[in-house]
There are 2 protein chains.
Amino acid sequence: MSIKILIVDDHPLVLEGLKSLLTDCEGIEVVGTASNAIDAISFLKTNEVDIAFLDINLPDISGIDLCKKIKEQYPNVKTLALSTFNERAYVSRMIQNGASGYLIKSSGKEDILEAIRQVQAGGYFMNVNFDQATSSAPPKTVPFLTRREKEVLILIAEGLTNPQIAEQLFVSVTTVNTHRQNLLMKFEVSNTASLIKLAAGLGLI
Amino acid sequence: MSIKILIVDDHPLVLEGLKSLLTDCEGIEVVGTASNAIDAISFLKTNEVDIAFLDINLPDISGIDLCKKIKEQYPNVKTLALSTFNERAYVSRMIQNGASGYLIKSSGKEDILEAIRQVQAGGYFMNVNFDQATSSAPPKTVPFLTRREKEVLILIAEGLTNPQIAEQLFVSVTTVNTHRQNLLMKFEVSNTASLIKLAAGLGLI
DNA sequence: AATAATATCCTATAAAAGCATGATTTTTCA
DNA sequence: TGAAAAATCATGCTTTTATAGGATATTATT
């Protein structure tokens, strides 16, 4: 019996690429693909799946939430996060939500097969060998940001001032300022310029 | 005669995905793939290629430089930049180096085929439908910066304040401030956050 | 040599950001 | 249900930025 795989990703290229890589393999069968969370859930309703590959960024809900939902409704389905290099920060939350590991989208065929083997055997797989020429990207760890902090960060990056952000979010200026100070603290910087540069480098904005 | 395609990308998934998407198509033939610039160049030495898909980020040299090299050595080979959403800033430099357009990696099959058709016909293809919330970000062109402005910009991005920059460059604070204002003007933004975000997006810092 | 572009400097004001300290309410989750 | 985390708000103060109005010297460039 071959391992049944569902791939959920909104990038046709990734979908096709994974499918193409996996269909040649013994004992592995791609039984379905979905480009959003809704389709993924409804596919699971009517099909048996062993492992679901979940993109972290999906058009409707995030892969992180989707992972949680799948684990709640279909605890037997193992999940593997698909992330880009810049999204490794979010991986830990996928794991918290029950994922069995993660694959960087730039992984090679061997990594992918190894991941499937590990996960199917009940283990975890984290591919940590970022061989990419990280160039100038500082190996900083991405600080954990709350929902509100992310919102504020994005609005700052868009050039809004505290008063404007406050208006947009329907909160007081002091609240925005607090979030802002927390962002500076978490990123270990002392002004907006450094903050935005770091956040941009990490792909957060 | 079918259109001969070379794909250069260091992500196996993208390579496989594109290949898989294109091999089904009439009149299109993927004659080769490469995961770095060296292999790409040596492939061109011995093979005929109509269109080369070039990833912007390659392990050895950047796709931008590779594009230039290809255009110098093989002017008949048309090139198409492959970029992620976050790399669209670099696209303009690819175009300057002779590329016939660019494709976002999250493009669908239709976009890709349309791009090939356009380019083969001697035209350009830019897929501009960023369904992602592009917010307010217009496809800005890189403003011309003087030597001093670039220096100041970098120091701002490093988190230095005007007084610190002044000290570093042995000029007065008012001079630094003037350069700073000129940067804001040239980038058409009104604060540091936007400035740094734009500059980072354009690869200037 | 004349012009244009660049770099330098100044004063002055208003707006925004940064920093410290503290507190209350709401959510989340074990 | 109770603790922890997150989100909210406040006050006061200092520093930095943003904006506006100049001015002069130094390089290129034609």
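No hydrogens, no waters, no symmetry mates; every other heavy atom, side chains included, goes into these values.
For the pair B:Lys186 NZ and C:dA5 C1', the interatomic distance rounds to 10 Å; values are reported in whole Å. A:Leu183 places its CG atom 13 Å from the P atom of C:dC19, with the value rounded to the nearest Å. To the nearest angstrom, C1' of D:dA7 lies 13 Å from CZ of A:Phe144. Computed from coordinates, the A:Met185 CE to C:dC19 C1' distance equals 12 Å when rounded to whole Å. Between A:Ile165 atom CD1 and C:dA17 atom P there is a gap of 7 Å when expressed in whole angstrom units. Rounded to an integer number of Å, the gap from A:Ile156 CD1 to C:dA17 P is 8 Å. Rounded to whole Å, atom P of D:dA7 lies 16 Å from atom CD of A:Gln181. A straight line from CG of A:Asn182 to P of C:dG18 spans 13 Å, rounded to a whole angstrom.
Between A:Leu160 and A:Lys68, the residue anchored closer to the 5' end of DNA chain C is A:Leu160, taking for each the nucleotide with the nearest heavy atom.
Using a 4.0 Å cut-off, some side-chain N or O of B:His179 falls inside it from OP1 or OP2 of C:dT8. Contact between the side-chain N/O atoms of B:Thr146 and the OP1/OP2 oxygens of C:dA7 is found at a separation under 4.0 Å. Regarding contacts with the backbone of C:dT6, every side-chain N or O of B:Arg147 stays at 4.0 angstrom or more from both OP1 and OP2. Contact annotation: B:Asn162 reaches the phosphate of D:dT17 (side-chain N/O to OP1 or OP2, under 4.0 Å). In this structure, A:Ser172 reaches the D:dC9 phosphate: one of its side-chain N or O atoms is under 4.0 Å from OP1 or OP2.
Checking B:Thr178 against B:Thr175 by side-chain atom types alone, no donor-acceptor pair falls below 3.5 Å. A side-chain donor from one of A:Thr192 and A:Arg180 sits under 3.5 Å from a side-chain acceptor of the other. No side-chain donor from either of A:Asp39 and A:Ser42 sits under 3.5 Å from a side-chain acceptor of the other.
Among the atoms of the strands shown, base atoms are found under 4.0 Å from some heavy atom of A:Thr175. Using a 4.0 Å heavy-atom distance criterion, B:Ser190 is classed as a sugar-phosphate-only contact. Note on B:Asn191: only backbone sugar-phosphate atoms sit closer than 4.0 angstrom, heavy atoms only; bases stay farther off. Within 4.0 Å (heavy atoms only), B:Thr192 reaches sugar-phosphate atoms of the nucleic acid but no base atom. Contact annotation for A:Thr174: base contact, defined as any heavy-atom pair under 4.0 Å involving a base atom. Among the heavy atoms of the strands, none lies under 4.0 Å from B:Glu149.
A salt bridge links A:Glu151 with A:Arg147; the closest basic N to acidic carboxylate O contact falls under 4.0 Å.
At most 12 heavy atoms of other shown residues, nucleotides or ligands fall within 6.0 angstrom of atom NZ in A:Lys19. Residue-environment remark: NZ (B:Lys68) stays at or below the threshold of 12 foreign heavy atoms within 6.0 Å.
Ranking D:dC9, D:dT17, C:dA17 by closeness to the B:Arg180 side chain, first place goes to D:dT17. Out of D:dC9, C:dA17, C:dT8, the shortest distance to the side chain of B:Val171 is found at C:dT8. The side chain of B:Pro163 lies closest to D:dT17, out of D:dT17, C:dA17, D:dA7. Residue A:Arg148 places its side chain closer to D:dA7 than to any other of C:dT8, D:dA7, C:dA17.
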